[in-house]
Enquirer: 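Just passing along the structure, written as structure tokens.
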Protein chains: 2
Amino acid sequence: MSDWREFEQNPVSHSAAHHLTTIQWLLDDQGYARVSDVARHLGITRGSVSVTLKGLRQRGLVVEDDHKHLSLSEQGVQIARGIRTKRILIQALFREVLGVPDEVAEQDACKVEHLISDQTAEATGGFLVGLEKISSDSQWTHLLESLQRLAAATPTSFPGNETQELALRLEKKDPQGEDQPS
Amino acid sequence: MSDWREFEQNPVSHSAAHHLTTIQWLLDDQGYARVSDVARHLGITRGSVSVTLKGLRQRGLVVEDDHKHLSLSEQGVQIARGIRTKRILIQALFREVLGVPDEVAEQDACKVEHLISDQTAEATGGFLVGLEKISSDSQWTHLLESLQRLAAATPTSFPGNETQELALRLEKKDPQGEDQPS
DNA sequence: TCGACAAGTTTGGTAACCCAAACATGTTGA
DNA sequence: TCAACATGTTTGGGTTACCAAACTTGTCGA
């Protein structure tokens, strides 16, 4: 059984991921990042941020200069950029392919950004790049729009009839009646 | 700023989600589910499962009969089925649309199954149903296969050049230089 | 009948996270 | 210069979720 707790053994936790991306965002946005800025942005207390960042500093992901100004180490930048990129890709996948409203797409992407494997993220990127390349072909865009309309039409709540039926078909087709409830 | 901690305020936690879906899976598979079975399946101790299930019983999601056999309440079934359906849909999206290997698709789906909104899940279902309907169109399947090849081709590690460039384009196009690092 | 083993529970510990509140520091305007 | 305010840290508490280990039950075979 593939360990369902890979969740926890991620390089960075959900919380840490947000601390890192927030620092990067603040640096991009206002040129500096302090504990208070991070706290305000995440909606948590300065104390919590102080403690969390102490850990991230010890892990060598965050650096503090003489003036209590935060920045990311090379490794921290790498991690933050990776997560940010994943969020953007997943969000685009949900929004531009599935036709999910941007706000929802962003919320969902935010929740899963740090959990998606590199492989799936890269595949998402490849798919979107491919879509972009053929976007000049009106035939395909027309098809895609039809699919999006189908996808985005959510008259009933989840799971709708068709969706449920599809899931059942998928479940049976896939002979996973072996193991893995997860 | 949309609360980035929606993560935590889910109806059921990641852990609870797995307990519920495991019970359902065990019932389907072997006709019964006991604390030990759940523990073995999740790879955690009986003690942990015992404690967690006590909570889920109090919340009315899990029921225990006279013989220590577990089952799900109506509400529990509903939640478990919802999560299971989401996993199947997400897994299919990754595998059949993005062309991600099934094993990776399953792992990723498992990690995010309980985090995806109903709306996005329903859109995924709608999209897949639509795909199924036009799957007889050889022109379309041809295109999809091309896209999948593009998507699945991961010669370089994440993020590849094209993917990174796309992400940058998406980032700039989207005027989110307002708020939300998440 | 009784010992052994499987199954379930309880208890004490740990590790992430979060908060509130007290505290230390540093800057700044009157 | 000094009170006021912003900033950062520390401390004590709470929650979730895990473990190990001790304990209780229940069943089954010799």
Side-chain angles (χ1 to χ4, degrees), chain A residues 1 3-23 26 30-59 61-71 79 110-111 114-115 182, chain B residues 1 3-23 26 30-59 61-71 79 110-111 114-115 182:
Chain A
M1 164 174 52
D3 189 353
W4 66 278
R5 280 168 304 167
E6 270 180 58
F7 180 69
E8 275 92 10
Q9 50 187 245
N10 262 352
V12 306
S13 67
H14 183 70
S15 169
H18 276 280
H19 280 74
L20 294 179
T21 55
T22 295
I23 290 174
L26 286 167
Q30 62 182 21
Y32 64 91
R34 298 165 306 170
V35 168
S36 290
D37 301 314
V38 175
R40 186 163 30 248
H41 232 280
L42 292 179
I44 62 181
T45 65
R46 299 193 304 272
S48 297
V49 172
S50 181
V51 172
T52 299
L53 290 186
K54 185 160 62 178
L56 293 178
R57 240 177 303 153
Q58 282 166 358
R59 288 171 58 187
L61 302 181
V62 170
V63 182
E64 195 182 79
D65 72 8
D66 340 334
H67 301 10
K68 299 277 187 185
H69 279 196
L70 305 163
S71 58
I79 293 177
C110 168
K111 285 188 257 183
H114 66 296
L115 296 172
S182 30
Chain B
M1 163 172 54
D3 189 353
W4 66 278
R5 280 169 303 167
E6 270 181 59
F7 180 68
E8 275 93 9
Q9 52 187 237
N10 261 351
V12 305
S13 66
H14 182 69
S15 170
H18 276 280
H19 280 73
L20 294 179
T21 56
T22 295
I23 290 173
L26 287 168
Q30 61 180 21
Y32 64 93
R34 298 164 305 172
V35 167
S36 291
D37 301 314
V38 175
R40 189 166 26 250
H41 232 280
L42 292 179
I44 62 182
T45 64
R46 298 192 305 271
S48 298
V49 172
S50 181
V51 171
T52 300
L53 290 187
K54 184 160 62 181
L56 293 179
R57 241 177 305 154
Q58 281 166 0
R59 287 171 59 187
L61 302 181
V62 171
V63 183
E64 195 182 78
D65 71 8
D66 340 334
H67 302 11
K68 300 279 187 183
H69 279 197
L70 305 164
S71 58
I79 293 177
C110 169
K111 285 187 260 185
H114 66 298
L115 297 172
S182 31

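In what follows, every chain begins at residue 1, and chains take the letters A, B, ... in the order their sequences are listed.
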Enquirer: Give a yes/no on whether any side-chain N or O of B:S15 is located under 4.0 angstrom from OP1 or OP2 of D:dC18.
Expert: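 Checking B:S15 against D:dC18: at least one side-chain N or O falls below 4.0 Å of OP1 or OP2.
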Enquirer: How many whole angstroms separate atom CG of A:L53 from atom C1' of C:dC18?
Expert: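 Taking atom C1' of C:dC18 as the reference, CG of A:L53 is at 14 Å.
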Enquirer: Rounded to whole Å, please give me the gap between CD in A:Q58 and C1' in C:dA16.
Expert: 14 Å
Enquirer: Give, for atom CD1 of B:I23 and atom CG of B:D37, the distance between the pair rounded to the nearest 0.5 Å.
Expert: 10.0 Å
Enquirer: What is the distance, to the nearest angstrom, from the CG atom on A:L42 to the P atom on C:dC17?
Expert: 13 Å
Enquirer: Of the candidate nucleotides D:dT7, C:dC17, D:dC18, which contains the atom at the shortest distance from the side chain of A:R40?
Expert: D:dT7
Enquirer: Where do B:Y32 and B:Q30 come nearest, in terms of heavy atoms and distance?
Expert: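 Smallest heavy-atom distance, with atoms named: O-NE2, 3.0 Å.
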Enquirer: Nearest-Å distance, NE2 (B:H67) to P (D:dT25)?
Expert: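 So the two atoms are 18 Å apart, to the nearest Å.
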Enquirer: Step by step, would you call A:T22 with A:H19 a side chain to side chain contact (heavy atoms under 4.5 Å, CB included)?
Expert: CA-CA 5 Å; A:T22 295; A:H19 280 74; 5.8 Å; no
Enquirer: For the pair made of NE2 in B:H114 and C1' in D:dT16, what is the distance, rounded to whole Å?
Expert: 13 Å
Enquirer: Listed by chain and number, what are the side chain to side chain contact (heavy atoms under 4.5 Å, CB included) partners of B:Q58, not counting sequence neighbours?
Expert: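 If we apply the side chain to side chain contact (heavy atoms under 4.5 Å, CB included) test to B:Q58, skipping adjacent residues, the hits are B:K54.
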Enquirer: Between A:H114 and A:T21, does a side chain to side chain contact (heavy atoms under 4.5 Å, CB included) hold up when you go through it step by step?
Expert: CA-CA 11 Å; A:H114 66 296; A:T21 55; over 6 Å; no
Enquirer: Distance check needed: C:dT25 P versus A:E64 CD, whole Å only.
Expert: 15 Å
Enquirer: Distances under 3.5 Å between protein N/O atoms and the N/O atoms of nucleotides 27-29 of chain C, please, pair by pair.
Expert:
none

Enquirer: Quick check: do A:V38 and A:H41 have side-chain heavy atoms less than 4.5 Å from each other?
Expert: no
Enquirer: Which listed nucleotide (C:dG8, D:dG8, C:dC19) is nearest to the side chain of A:K68?
Expert: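 Nearest to the side-chain atoms of A:K68, counting from C-beta on, is D:dG8.
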Enquirer: Scan nucleotides 10-12 of chain D against the protein and return all N/O pairs shorter than 3.5 Å with their distances rounded to 0.1 Å.
Expert:
from   : atom 1 : to    : atom 2 : distance (Å)
D:dT10 : OP2    : A:K54 : NZ     : 3.3

Enquirer: Check the phosphate of C:dG8 against B:S36, side-chain N and O only, distance under 4.0 Å to OP1 or OP2. Yes or no?
Expert: yes
Enquirer: First locate atom CG of A:L56, then atom OG of A:S13, and finally report the distance between them rounded to the nearest 0.5 Å.
Expert: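 Answer for the CG-OG pair, A:L56 versus A:S13, is 7.5 Å.
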Enquirer: Nearest-Å distance, CZ (B:R59) to C1' (D:dA17)?
Expert: 14 Å
Enquirer: Whole-Å distance between C:dG26 P and A:H69 NE2?
Expert: 14 Å
Enquirer: Please tabulate, one pair per line, all N/O donor-acceptor pairs under 3.5 Å involving side-chain atoms of residues 63-70 of chain B, not counting sequence neighbours.
Expert:
from  : atom 1 : to    : atom 2 : distance (Å)
B:D65 : OD1    : B:H67 : N      : 2.8
B:D65 : OD1    : B:K68 : N      : 3.3
B:D65 : OD1    : B:H69 : N      : 2.9

Enquirer: Return a table of donor-acceptor pairs under 3.5 angstrom between the side chains of residues 44-53 of chain A and protein atoms on other chains or two or more places apart.
Expert:
from  : atom 1 : to    : atom 2 : distance (Å)
A:T45 : OG1    : A:S48 : N      : 3.2
A:T45 : OG1    : A:S48 : OG     : 3.1
A:T52 : OG1    : A:S48 : O      : 3.0

Enquirer: Report yes if a side-chain nitrogen or oxygen of B:T45 is closer than 4.0 Å to either non-bridging phosphate oxygen (OP1 or OP2) of D:dA20; otherwise report no.
Expert: no
Enquirer: Given D:dC19, C:dT9, C:dC17, identify the nucleotide with an atom nearest to the side chain of B:I44.
Expert: D:dC19
